[in-house]
Structures are given as structure tokens and as C-alpha cells.
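In what follows, a single structure is set out as C-alpha cells and then discussed.
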Amino acid sequence: MLENIFVFRGNSACGKSSTAKELKKSLGNSTLLISQDEVRKRMLDEKDKPNNKSISLIETMINWADQNVDFVILEGILKRDVYANMLFRLKNQYQKKMKTFYFDIFFEETYRGNLLKKKPFSRGLMQDWWLDNDRLGYKDHVFTINDDLLARMKYILKIK
């Protein structure tokens, strides 16, 4: 039943969540939106470290979705050193159904985006979290500062 899995990765405040929410609206109600922050922080209260419980829960949710919905959207920082093994397993399992997108937005722009949040993070905290070029090593589509929400949506829906 599952047609596609869309994975949005990148640093904090780079546009992942807004893109995921907009895509969910476009794809309709047979879409499961999984937010790494929601699962890791709010559901499980886990630290973002290797082998945290959110990794297996996210993978289980995606495997459940395979028989129950048409689309999955997974969004989060999804650091390579913590989530790569899970993402590679999913890529092997779902192959062409899994579309991965990396948001390669420079720090100053993500910091400006962060300031628009209801509870923005400090500059120092964002710098501590910053991951430069945290790509997985297989072919991701890369969004840059030149791709606004409309351009991202147009591209994603075209390759769907």
C-alpha cells in the first residue's frame, strides 16, 4: 500500500517541519507524518544518542505504515552518527519508494529562522547542535537557501 517515504533531514530551523506539514496537506489523510522531535523528546524523553529508543520506534512506525497508509513523511535533524543505520536499513527495504532530502542551509539563515519560533533557541545552543554537511553518502536531493517552500513542494510533488 505504501507509495513513498519522504525523509527530510537537516539542521534546526532550516525548513524541514514547514515542508513536512505542507506536504502532508498536499498528500491528504492517508499520510503519516513522523517528527523525530515528537517521538524522541515528547513521546519517549530520550537523549539524542546512538541506540536511543526513538530509533526503533520510528522504524516500527514506518514498517506499520507500509500496510496502512499511502505516504510517510519523516522529518528531523536525524544526525548521521545516530540515525544512519536505521535510515540505511529503511533504504534497503524500501529502495526507490524512499526519497531523501537534505536541507543544506547555512548557519546564519537557520539562526534567523529560529528567531521566528515561539520559543527560539540561543545562538550558542544552535551552534553546539550545528552539523556541517551531515549527508548520508547516498544520493539525497539537496535543498539550499535558493529553494523556498513553493519550490521545494513543486520538486517533491513532481518526483512523487
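For this chain, numbers begin at 1 and follow the sequence in order. Side chains are part of it too, since the values below use all heavy atoms of this structure and drop only hydrogens, waters and symmetry mates.
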Quick check: are there more than 12 heavy atoms from other residues, nucleotides or ligands sitting under 6.0 Å from [atom1] of [X]?
X: Lys117; atom1: NZ; result: yes
X: Lys97; atom1: NZ; result: yes
X: Asn29; atom1: CG; result: no
X: Asn51; atom1: CG; result: no

Mind checking whether [X] and [Y] sit in one hydrophobic cluster, side chains of I, L, V, M, F, W, Y counted as touching below 4.5 Å?
X: Leu87; Y: Phe6; value: no
X: Leu23; Y: Leu32; value: no
X: Ile73; Y: Met61; value: no
X: Leu33; Y: Ile62; value: no
X: Trp64; Y: Ile55; value: yes

Indicate yes or no: at least one non-hydrogen side-chain atom of [X] is less than 4.5 angstrom from one of [Y].
X: Val72; Y: Met98; value: no
X: Ile156; Y: Thr19; value: yes
X: Asp70; Y: Leu27; value: no

Starting at [atom1] of [X], measure out to [atom2] of [Y] and round the result to the nearest 0.5 Å.
X: Glu3; Y: Phe71; atom1: CD; atom2: CZ; value: 4.0 Å
X: Tyr94; Y: Ile5; atom1: OH; atom2: CD1; value: 5.5 Å
X: Met126; Y: Phe121; atom1: CE; atom2: CZ; value: 8.0 Å
X: Phe8; Y: Lys99; atom1: CZ; atom2: NZ; value: 12.0 Å
X: Phe103; Y: Thr110; atom1: CZ; atom2: OG1; value: 13.0 Å
X: Glu108; Y: Ile105; atom1: CD; atom2: CD1; value: 13.5 Å

So which heavy atom on [X] is nearest to which on [Y], and how close?
X: Ser54; Y: Val39; value: CB-CG1, 3.8 Å
X: Gly113; Y: Ala13; value: C-CB, 4.0 Å
X: Leu78; Y: Gln36; value: N-OE1, 2.8 Å
X: Leu115; Y: Pro120; value: CA-CB, 3.9 Å
X: Arg9; Y: Asp140; value: NH1-OD2, 4.4 Å
X: Gln67; Y: Met1; value: O-SD, 3.7 Å

Determine yes or no for a side-chain-to-main-chain donor-acceptor pair under 3.5 angstrom, with [X] supplying the side chain and [Y] the backbone.
X: Glu46; Y: Lys53; value: yes
X: Arg80; Y: Arg135; value: yes
X: Asn52; Y: Lys49; value: yes

Compute whether any side-chain donor of one residue and acceptor of the other, for [X] and [Y], lie under 3.5 angstrom apart.
X: Ser35; Y: Asp37; result: no
X: Tyr83; Y: Asp48; result: yes
X: Asp66; Y: Gln93; result: no

Worksheet entry | Ion pair check, Arg152 and Asp147, cut-off under 4.0 Å |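 A salt bridge is absent here (no side-chain N lies under 4.0 Å from a carboxylate O).
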
Discussion item. If you apply the rule side chain to side chain contact (heavy atoms under 4.5 Å, CB included), what do you find for Glu59 with Leu90, and how did you get there?
Written reply: CA-CA 8 Å; Glu59 192 168 2; Leu90 291 168; 4.1 Å; yes

Worksheet item: Does the side chain to side chain contact (heavy atoms under 4.5 Å, CB included) test come out yes or no for Leu131 and Asn11, once each step is laid out?
Response: CA-CA 7 Å; Leu131 298 169; Asn11 284 292; 3.8 Å; yes

Discussion item. Check the orientation of Phe143 and Phe101. Use parallel for under 30°, tilted for 30 to 60°, and perpendicular for over 60°.
Written reply: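 Aromatic pair Phe143/Phe101 classed parallel.
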
Practice prompt. Specify whether His141 and Tyr155 have parallel, tilted or perpendicular ring planes, treating 30° as the upper limit for parallel and 60° as the lower limit for perpendicular.
Written response: parallel

Discussion item. Checking Met153 against Leu157 for the side chain to side chain contact (heavy atoms under 4.5 Å, CB included) test, could you report, in this order, the C-alpha distance in whole Å, the side-chain angles of both residues, the deciding distance, and whether it holds?
Written reply: CA-CA 6 Å; Met153 290 301 301; Leu157 292 172; 4.1 Å; yes

Worksheet item: Stepwise, does the side chain to side chain contact (heavy atoms under 4.5 Å, CB included) test hold for Lys79 with Asp134?
Response: CA-CA 7 Å; Lys79 299 190 292 190; Asp134 193 47; 4.2 Å; yes

